[in-house]
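Worksheet: one structure, shown below.
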Amino acid sequence: MSLRIYNVLTQQKETFAPIQPPQVNFYLCGVTVYGRSHIGHLRCFLSFDAILRYFRYRDYDVRFVRNFTDIDDKIIARAAEISAGPEGAWRQDEAYANYDDAMWSERLDEDALIRERAAGQDRHLAEVVADYFIDVFHNEDFQPFDLVAPMSEPRVSQYIPQIIALIEKIMANGFAYESAGDVYFDVPTYHAKTQSYGRLSGRDVAQMLEGARVAPSDKKRSGPDFVLWKQARPGEPSWPSPWGDGRPGWHIECSAMSVEELGQPFDIHGGGKDLIFPHHENEIAQSEAAAQMPYCHTWMHNGFITVDGVKMSKSLGNFITIAEGLKMAPPEVWRYIVLSTHYANPIDFSRTREVQGAQGTEVVRGSIDIAFDRLEYFYESLQKAAQQLAEAAVDGSDAAGQAPVDDARVDAIKAQFCAAMDDDFNTARAVATIGEGMKVLNEFCDMKAKAAAKLPGGASARLSTVAKIADILREVLGVLGLPAGDPTAVLEGLRDFSVAQRGLDRAWIEAQIDARLAARDARDWARSDEIRDALLAAGVALRDGPKGTAWKVLRG
RNA sequence: GGCGCCGUCGCCAAGUGGUAAGGCAGAGGUCUGCAAAACCUUUAUCACCAGUUCGAAUCUGGUCGGCGCCUCCA
């Protein structure tokens, strides 16, 4: 089976062929560090995380680079706002129209922390802002998610010499011009020579030129031209260059960092759909104009998270930060939600849509509850298998050496998982495959002794089959980045989360269960049911098993 | 206005030419002192219209509805 990937550049699925197998050079656009990340960023990184893990699983040598954009207008703007302080006029800005008290409080606390950190440092406040949010990215927002670590995480501020060299090269090739301290990429000239501008985003340069109106005061020669180097304005961070003090334009940094880290051309470039134009289109133009060779073979773009069908954005105030998201659900639940949809499709959280028959319930919660249930199902199944295997080893009827039952469904698990992932990383199908596998696992776990005795190989073949299925399932879960270790630990984690969320007390729950067990021993069914109903009312469901009583917190 | 995407069972979501994966919810059953666990069975012709084809949810044209990018954006 070969791996097929939808390439945005060619608008079709292509069989993936690395430039230098088994190496896969992969560049993912990271974040601009001017604020907290939201679940849209999370979606992007979790989607690509599963993709990277699958490459590794297929024995590719993945060289993964994810950058930080730490020089940018928004960072500078944020620094200016922090300097102006809480009383500044910036608070009347339209962008903050949707801020409520909680958001303001959080925002101003953050500003205070940054101001504190900046004190005594002889650096531009914008640099401190960037540093601060890089720390938050690593140590808070994404720390709980167990993302595959990049080989490197280049920052624009550390690549100024390479950026300047790249711009010089583009100018030397005649595709950029200086204009009053700025340097612009010359789109019409470039396109006239290469016919390649607009290939990624499906844009037509002639039309762009027609529609463009270049104001006389504009430093640009034509509308589609974009800035490679911006002249410094007073009070902004800047670096010396052949064109005077200034800073890089928005797109050039990714061109410089990706090629510096991965070489040109490299295999795959990823990012959000909103980056296709102009960011990625311009990256291609710059890099190819400089090196006169292809920039990147395959372009992959993830879909958005939308709320009520509309893209989350700061200006609409409809975004959910990762910090908020983690109050709603633990990391593996978010990962499950992300994996349940193909990476290129949108994930919609509508607040108004009907959910499970209950009008007005938020789908955010509905999605979380379903993901919770499925994860519990997965890990309860694995836990059951692990317990059976552990007990068998203890009582000496170990199945070691016994061949697992030859069941086509068992072999199908991994094959179907790989087929799904091979088909443009279809994690939704891959997750469905895992669900099917869990079904087969449960079937063998719950098999009656009489039925097990009839298996080819006898009763001990049942256990060896359980072991085999569980191994396969843990393996494929790990490929998606879902927990592959001790299932009990996962379940405890999920339960602790729910207990805390419901404001319950573990000790009380356990005491109730003990009391009920005593009643059951006395065959006092009425008392037993009374306790069970009381727990149920509190949101705790019980499940009696041969080894005692298990409990779980109900969702919703 | 330009470019592009989407519309699949009550809800979520796969499926890009061969006759609709999976999950949730619903119904029935096995098991169980009871139990919302587990397992089994069961529930759609794919927004609409017209074409291409032996055959289309899948291709073409059109209609309606939703969205994205074109300014910063994962």
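A, B, ... follow the sequence lines: proteins, then strands. Residue 1 opens every chain. Worth knowing before you read on, the calculation uses all heavy atoms, side chains too, and leaves out hydrogens, waters and symmetry mates. Keep in mind that what you see is a predicted model, and the values were worked out from it rather than measured.
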Query - B:C24 pairs with, by Watson-Crick or G-U criteria that keep both distances under 3.5 Å - result: B:G10
Query raised in the report: Is A:Arg409 atom CZ crowded by more than 12 heavy atoms from other residues, nucleotides or ligands, each under 6.0 Å away?
Result: yes
Report task. Quickly, which of A:Asp424, A:Asn302, A:Thr427 forms a side-chain hydrogen bond (donor to acceptor under 3.5 Å, both in side chains) with A:Tyr343? Name it, please. Result -> A:Asp424
Query - Base-pairing assignment for B:G18 (Watson-Crick or G-U wobble, both under 3.5 Å) - result: B:C54
Query raised in the report: Looking at B:G22, B:C70, B:G33, which one has an atom nearest to any side-chain atom of A:Asp529?
Result: B:G33
Query raised in the report: Quantified in whole Å, what is the C1' atom distance between nucleotide B:A56 and nucleotide B:U16?
Result: 10 Å
Query raised in the report: Does A:Lys273 make a side-chain N or O approach to OP1 or OP2 of B:C67 shorter than 4.0 Å?
Result: no
Requested in this report: Output the single nucleotide from B:C70, B:C72, B:A21 whose closest atom is nearest the side chain of A:Lys74.
Outcome: B:C72
Query raised in the report: Counting only side-chain N and O atoms of A:Arg523, is one of them less than 4.0 Å from OP1 or OP2 of B:G33?
Result: no
Query - Euclidean distance for C1', B:U42 against B:C49 (whole angstrom) - result: 34 Å
Report task. Identify which nucleotide among B:G68, B:G2, B:C31 has an atom closest to any side-chain atom of A:Lys311, counting heavy atoms from C-beta outward. Result -> B:G68
Requested in this report: Check the geometry between A:Phe304 and B:A74 and answer yes if their rings are stacked (centres below 5.5 Å, planes below 30°), otherwise no.
Outcome: no
Report task. Can you tell me the pairing partner of B:C39 across any strand shown, Watson-Crick or G-U wobble, with both distances under 3.5 angstrom? Result -> B:G29
Report summary line: Out of B:A74, B:C39, B:C70, minimum distance to the side chain of A:Ile305 belongs to B:A74
**Report entry** Selection from B:A13, B:C24, B:A38 that lies nearest to any side-chain heavy atom of A:Ala428
**Finding:** B:A13
Query raised in the report: Does a nitrogen or oxygen in the side chain of A:Asn442 sit under 4.0 Å from OP1 or OP2 of B:C39?
Result: yes
Report task. State whether A:Tyr377 places a side-chain N or O below 4.0 Å from either non-bridging phosphate oxygen (OP1 or OP2) of B:C39. Result -> yes
Query raised in the report: Does NZ or CZ of A:Arg78 fall inside the cone over A:Tyr34's six-membered ring, less than 6.0 Å from its centre and within 45° of the axis?
Result: no
Report summary line: Among the nucleotides B:A35, B:C40, B:G33, whichever has the atom closest to the side chain of A:Arg543 is B:A35
Query raised in the report: Is it the case that A:Arg203 places NZ or CZ above or below the six-membered ring of A:Phe277, under 6.0 angstrom from the centre and within 45 degrees of the axis?
Result: yes
Query raised in the report: When rounded to the nearest Å, what value does the distance between C1' atoms of B:C5 and B:G18 take?
Result: 27 Å
Query raised in the report: In whole angstrom, what separates A:Leu200's CG from B:C70's P?
Result: 14 Å
Query raised in the report: Taking only side-chain nitrogens and oxygens of A:Asn345, does any of them come within less than 4.0 Å of OP1 or OP2 of B:C12?
Result: no
Report summary line: When rounded to whole Å, the CE to P distance for the pair A:Met438 and B:A38 reads 12 Å
Query - B:C12 and B:G17, which share atom name C1', separated by this distance in whole Å - result: 27 Å
**Report entry** Options B:G33, B:A74, B:G2, nucleotide nearest the side-chain atoms of A:His38
**Finding:** B:A74
Query raised in the report: Taking a pair as Watson-Crick or G-U wobble with both distances under 3.5 Å, which nucleotide is matched to B:G68?
Result: B:C3
Query raised in the report: What is the base-pairing partner of B:U63, counting Watson-Crick and G-U wobble geometry with both distances under 3.5 Å?
Result: B:A47
Query raised in the report: Between A:Glu281 and A:Tyr197, is a side-chain contact (heavy atoms from CB on, under 4.5 Å) present by the stated rule, with each step listed?
Result: CA-CA 7 Å; A:Glu281 189 71 61; A:Tyr197 190 84; 3.8 Å; yes
**Report entry** Nearest-nucleotide pick for A:Cys44, side chain only, options being B:A74, B:G2, B:C72
**Finding:** B:A74
Query - Presence of A:Asn426 side-chain N/O under 4.0 Å of B:G15 phosphate oxygens OP1/OP2 - result: yes
Query raised in the report: Which nucleotide in the set B:A74, B:G33, B:C39 lies at the smallest distance from any side-chain heavy atom of A:Thr32?
Result: B:A74
Report summary line: Among the nucleotides B:A38, B:A74, B:G33, whichever has the atom closest to the side chain of A:Met312 is B:A74
Report task. Only one of A:His38, A:His41, A:Lys311 passes side chain to side chain contact (heavy atoms under 4.5 Å, CB included) with A:Phe319; say which it is. Result -> A:His38
